[in-house]
Amino acid sequence: MAGPDAELAAKLEPDVPHAARIWNYWMGGKDNFQSDRAAGDAVAQVYPEIVVMAQESRRFLVRAVRYLAAEAGVRQFLDVGTGLPTMQNTHAVAQAVAPESRIVYVDNDPMVLVHARALLASTTSEGVTTYVPADYHDPEKILAEAAQTLDFDQPIAVMFMGVMGYEPDLDVVRSIVGRTMAATASGSHLVLWDGTNTSPAVVSGAERLAENGGVPYILRSPEELDSCFSGLTLVEPGLVPIPLWRPDEPDAKGIDAYGAVARKP
């Protein structure tokens, strides 16, 4: 390996558990190291439902993107903190409905960026899929680079999927979301979910993650997450446990993760 990929690979730190790789492990992926598996197993020992949460998070993404593309008519997606590619990524879901859809993925993890080429190669001939290497704490950089692909005079779906728990300050979270959405046109949408402090078991799981070297993940109340949608109009059924957001199965059950889709007036 040579060139940019070699530089990225040198930053992987396989002995240090990393959020994107741990999540990949819980989802059944293979892009993880022993340190990630050990941290993931430690969490699962006290909160086995974390594996369900990982799987349900992808199902929520699929349903939300499908709704936005098929029913809301959105053709542009800004997926911030996308994580490692797995099955049914944002561009695949959106472009299956509308092949002309344009998707910008954003992440600052070197392993994610190493895998970016595979996603870029799988886009439709009519659409565009690209990557921006950036941290979500710098929305101005993200917006500037995304504007090379997306038309900010037209609706955009901005997605923060399970990533805001890594920012400990809720005011900072609200600022990031607000600054990003402020740059979008009327008719744009925010899709956001995060883990919630709605059971003792999930709180224990978050504590175990930090104890085993993982980046601490801040669980918030549904009310705190709801504040991130200020000024936007929630799409039915509003902010709910993610398996209950327009479920495909009638017997869906709630978990300790809430999410919503909201429209900018």
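- Looking at W193, its side chain never comes within 3.5 Å of a backbone N or O of A260 through a donor-acceptor pair.
- The line from OG1 of T149 to CZ of R102 is 6.0 Å long, rounded to the nearest 0.5 Å.
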Please table the atom pairs, donor to acceptor, closer than 3.5 Å between any side-chain atom in residues 159-171 and protein atoms at least two apart or in another chain.
from, atom 1, to, atom 2, distance (Å)
E167, OE1, H137, NE2, 2.7
E167, OE2, D169, N, 2.8
D169, OD1, D171, N, 2.8
D171, OD1, R174, NH1, 2.8

Between L78 and V106, is the side chain to side chain contact (heavy atoms under 4.5 Å, CB included) condition met? List the steps.
CA-CA 8 Å; L78 179 59; V106 180; 3.8 Å; yes
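- No side-chain heavy atom of S221 sits less than 4.5 Å from a side-chain heavy atom of T196.
- For the side-chain contact (heavy atoms from CB on, under 4.5 Å) test, residues two or more places apart in sequence or in another chain that qualify with K141 are A134, D138, E145.
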Side chain to side chain contact (heavy atoms under 4.5 Å, CB included), that's the test. Do N24 and D36 meet it? Break it down for me.
CA-CA 9 Å; N24 176 266; D36 308 308; over 6 Å; no
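- Within the structure, side chain to side chain donor-acceptor pair (under 3.5 Å) contacts touching residues 232-242 (residues at least two apart or in different chains) do not occur.
- Within the structure, no pair that satisfies the ring-ring contact (aromatic ring centres under 6.0 Å, His included) test touches residues 246-265, not counting sequence neighbours.
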Would you check, one step at a time, whether the test side chain to side chain donor-acceptor pair (under 3.5 Å) holds for S175 with R179?
CA-CA 6 Å; S175 174; R179 286 148 64 196; 3.2 Å; yes
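- Of all the heavy atoms in R21 and S35, the pair that sits closest is NH2-OG, 4.3 Å.
- By the salt bridge (charged side-chain N to carboxylate O under 4.0 Å, His left out) test, E100 is found to be paired with R75, residues two or more places apart in sequence or in another chain being considered.
- Summarising the geometry, atom CD belonging to Q55 is positioned 10.0 Å from atom CD1 belonging to I255; distances are rounded to the nearest 0.5 Å.
- Residues satisfying the salt bridge (charged side-chain N to carboxylate O under 4.0 Å, His left out) test with E207, not counting sequence neighbours, are none.
- Distance CG/N212 to CD1/I22: 9.0 Å, rounded to 0.5 Å.
- Side-chain contact check for L68 versus F77: some heavy-atom pair is nearer than 4.5 Å.
- One hydrophobic cluster, built from ILVMFWY side chains closer than 4.5 Å, cannot hold both V74 and V97; they sit in different ones.
- Using a 4.5 Å cut-off on side-chain heavy atoms (C-beta onward), N89 and Y105 make contact.
- The cluster map of Ile, Leu, Val, Met, Phe, Trp and Tyr, joined by side-chain heavy atoms under 4.5 Å apart, puts I218 and V172 in different clusters.
- Following chains of ILVMFWY side-chain contacts shorter than 4.5 Å, one can reach V240 starting from V65, so the two form part of one hydrophobic cluster.
- In the hydrophobic clustering of this structure, V128 does not group with I142; members are Ile, Leu, Val, Met, Phe, Trp, Tyr whose side-chain heavy atoms approach within less than 4.5 Å, directly or through other members.
- For P216, the side-chain contact (heavy atoms from CB on, under 4.5 Å) partners are A210, not counting sequence neighbours.
- Between L232 and R263 there is no side-chain heavy-atom pair separated by less than 4.5 Å.
- Of the possible donor and acceptor atoms, one in the side chain of T124 sits under 3.5 Å from a partner among the backbone N and O of P99.
- For the pair R246 and Y67, the cation sits on the ring face: its NZ or CZ lies under 6.0 Å from the ring centre, inside 45° of the axis.
- The shortest distance between side-chain heavy atoms of Y25 and D41 falls below 4.5 Å.
- Closest non-hydrogen pair, L244 versus A252, comes out as CD2-O, 3.4 Å.
- Partners of D248 under the salt bridge (charged side-chain N to carboxylate O under 4.0 Å, His left out) rule, at least two apart in sequence or in another chain, are R66.
- Take Y136 and apply the ring-ring contact (aromatic ring centres under 6.0 Å, His included) test, not counting sequence neighbours, and it matches no residue.
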For F152 and L143, what are the C-alpha separation, side-chain angles and deciding distance, and is it a side chain to side chain contact (heavy atoms under 4.5 Å, CB included)?
CA-CA 9 Å; F152 278 79; L143 293 166; 3.5 Å; yes
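- In this structure P48 satisfies the side-chain contact (heavy atoms from CB on, under 4.5 Å) test with no other residue, sequence neighbours excluded.
- Between V173 and C228 the shortest side-chain heavy-atom distance falls below 4.5 Å.
- A donor-acceptor pair under 3.5 Å is formed between the side chain of S57 and the backbone N or O of A54.
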Test side chain to side chain donor-acceptor pair (under 3.5 Å) on N197 and R220 and set out the steps.
CA-CA 5 Å; N197 56 6; R220 297 191 163 95; over 6 Å; no
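- Under the salt bridge (charged side-chain N to carboxylate O under 4.0 Å, His left out) criterion, R58 pairs with no residue at all, not counting sequence neighbours.
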Can you give me every donor-acceptor pair (side chain of residues 184-192, partner residue at least two apart or in another chain, under 3.5 Å) with its distance?
from, atom 1, to, atom 2, distance (Å)
T184, OG1, M181, O, 2.7
S186, OG, P265, O, 3.1
S188, OG, I156, N, 2.9
S188, OG, I156, O, 3.4
S188, OG, A185, N, 3.4
S188, OG, A185, O, 2.8
H189, ND1, G187, O, 3.1

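- The minimum heavy-atom distance linking F60 with G259 is given by the pair CZ-C, 4.1 Å.
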Determine whether W245 and V235 satisfy the following criterion, side chain to side chain contact (heavy atoms under 4.5 Å, CB included), listing intermediate values before the conclusion.
CA-CA 10 Å; W245 195 89; V235 174; 4.2 Å; yes
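- Side-chain contact between Q76 and D151 is present, with heavy atoms from C-beta onward closer than 4.5 Å.
- Between L219 and G195, the shortest heavy-atom contact is CD2-C, 3.6 Å.
- Considering T82, I103, V104 as possible partners of Y131, the one that fulfils the side chain to side chain contact (heavy atoms under 4.5 Å, CB included) test is T82.
- The nearest pair of heavy atoms linking G205 to V46 is CA-CG2, 3.5 Å.
- The shortest non-hydrogen separation linking M53 to I242 is O-CD1, 4.5 Å.
- Proximity of L239 to L225: side-chain heavy atoms (C-beta onward) are separated by under 4.5 Å at one or more points.
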